[in-house]
Amino acid sequence: MKLTNNTIFITGGTGIGRGLAEALHKLGNKVIISGRRQKHLDATTTANPGMDSVELDISDSASIGAVAKRLIADYPALNVLINNAGIMLIDDAAGKIDDQLLTSTVTTNLLGPIRLTSALIEHLKKQPNATVIYNTSALAFVPLALTAVYSSTKAALHSYVLSQRHKLKATSVSVLEIAPPWVQTDLLNSKEEPRAMPLQDFIEQTMKLLAADANEIVVEQAQAFRKNPGPNESALVTQFNDSMIGASPQ
């Protein structure tokens, strides 16, 4: 991916989203962040003069439509979309799944990125060089049983990435996937978790991989998970989940 001279829209203005926004902003790109909490957006843009923000509820199709129209009108050079926003909640796949948890997780993590990309894709295809990035998870490949719905949405999003990349292969739009390991963010209160990867380390390694033109951005800590799917995948899934009992991973 070309890391300079872009106009970039990022969903989710905290955690990994903020880290990517600030790293790309420092390279001179025009960066617009988004989220539901204007106070958090203001804190980020104040700390990074020149960065803009837009309120967006990624779970609301009307909000997505309105923001997409605004972006196209206000930022005609927009050529990079980073689908980063997501939620992660504990569920119980062995029992009754709360319907609100199920609906909100699927709507936010899966429908949201697909809807937003769909709303912007024709604009992006008109750009000489454009990129769509999806932030999935290492849990797309080795699910965490404590967050079965979250893991499932990330696996589904990975599948969608593969299809969209194929469909856009003859266009100016590249489709990339970032699959983070457990990172120290607000997801499940992991900021102080010593077993999680420090956010700054993750951002630094991710930026290096983005510059290397990889389709999949998988840092070393996530490589074993990415390589696991196959006929013998259950062994690592079992080992991982047994080790995570009582933990709070991303």
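In this chain, residues are counted from 1 in sequence order. Here the structure is a predicted model, which means the values were calculated and not measured.
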Got a donor-acceptor contact below 3.5 angstrom from the [X] side chain to the [Y] backbone?
| X | Y | answer |
| --- | --- | --- |
| Ser59 | Thr108 | no |
| Asp91 | Val149 | yes |
| Asn48 | Met51 | no |
| Thr45 | Asp42 | yes |
| Asp57 | Ser63 | no |
| Glu193 | Arg195 | yes |
| Glu55 | Gly35 | no |
| Thr107 | Gly112 | no |
| Thr153 | Tyr150 | yes |
| Ser151 | Ala148 | no |

Kindly state each residue pair satisfying ring-ring contact (aromatic ring centres under 6.0 Å, His included) with at least one member in [range], sequence neighbours excluded.
| range | answer |
| --- | --- |
| residues 191-235 | Phe225-Phe240 |
| residues 89-116 | none |
| residues 1-45 | none |

Is [Y] reachable from [X] through a run of hydrophobic residues whose side-chain heavy atoms are each under 4.5 Å from the next?
| X | Y | result |
| --- | --- | --- |
| Val237 | Leu146 | yes |
| Leu162 | Leu81 | no |
| Ile58 | Val132 | yes |
| Leu24 | Leu41 | yes |
| Val80 | Leu27 | yes |

Could you measure the distance from the [atom1] atom of [X] to the [atom2] atom of [Y]? Nearest 0.5 Å is fine.
| X | Y | atom1 | atom2 | value |
| --- | --- | --- | --- | --- |
| Ile32 | Ile8 | CD1 | CD1 | 8.0 Å |
| Thr136 | Asn109 | OG1 | CG | 11.0 Å |
| Ser104 | Leu89 | OG | CG | 6.0 Å |
| Ile203 | Arg18 | CD1 | CZ | 11.5 Å |
| Ile64 | Arg115 | CD1 | CZ | 6.0 Å |
| Met207 | Leu3 | CE | CG | 5.0 Å |

What are the two closest heavy atoms between [X] and [Y], and how far apart are they?
| X | Y | result |
| --- | --- | --- |
| Pro128 | Ser172 | O-CB, 3.4 Å |
| Leu176 | Ala214 | CD2-O, 3.5 Å |
| Pro76 | Gln127 | O-NE2, 3.5 Å |
| Ala85 | Gly12 | CB-N, 3.8 Å |
| Ile121 | Val173 | CD1-CG1, 4.4 Å |
| Leu236 | Ala224 | CD2-O, 4.0 Å |

Hey, are Glu204 and Lys208 close enough for a salt bridge, meaning a charged N less than 4.0 Å from a carboxylate O?
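Looking at Lys208 together with Glu204, the answer is no, because their closest N to O distance does not fall below 4.0 Å.
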Side-chain ion pair, Asp52 and Lys30, N-O less than 4.0 Å
yes
Pairs satisfying side chain to side chain donor-acceptor pair (under 3.5 Å), at least one member in [range], at least two apart:
| range | result |
| --- | --- |
| residues 154-168 | Tyr134-Gln164, His158-Glu177 |
| residues 78-90 | Asn6-Asn79, Asn83-Thr117, Asn84-Asn135 |
| residues 222-239 | Glu216-Arg226 |

Going by heavy atoms in the side chains, are [X] and [Y] under 4.5 Å from each other?
| X | Y | result |
| --- | --- | --- |
| Met244 | Leu144 | yes |
| Ile217 | Leu210 | yes |
| Val183 | Pro181 | yes |

After noting the C-alpha distance and the side-chain angles of Leu188 and Ile90, does the key distance pass the side-chain contact (heavy atoms from CB on, under 4.5 Å) rule?
CA-CA 8 Å; Leu188 294 188; Ile90 299 293; 4.0 Å; yes
My understanding is that only one of Val218, Val219, Thr206, Leu209 makes a side-chain contact (heavy atoms from CB on, under 4.5 Å) with Ile178; could you say which?
Thr206
Checking Leu187, Thr105, Asp186 against Met88 for side-chain contact (heavy atoms from CB on, under 4.5 Å), the one that qualifies is Leu187
Around Lys26, counting heavy atoms of other residues, nucleotides and ligands shown, do more than 12 lie under 6.0 Å from its NZ?
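At most 12 heavy atoms, drawn from other residues, nucleotides or ligands, come within 6.0 Å of this atom.
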Candidate pair Leu168 and Lys125, rule side-chain contact (heavy atoms from CB on, under 4.5 Å), full reasoning
CA-CA 9 Å; Leu168 290 170; Lys125 286 195 293 189; 3.9 Å; yes
side-chain contact (heavy atoms from CB on, under 4.5 Å) for Val54 and Arg70? Distances and angles first, verdict last.
CA-CA 9 Å; Val54 177; Arg70 177 178 171 184; 3.9 Å; yes
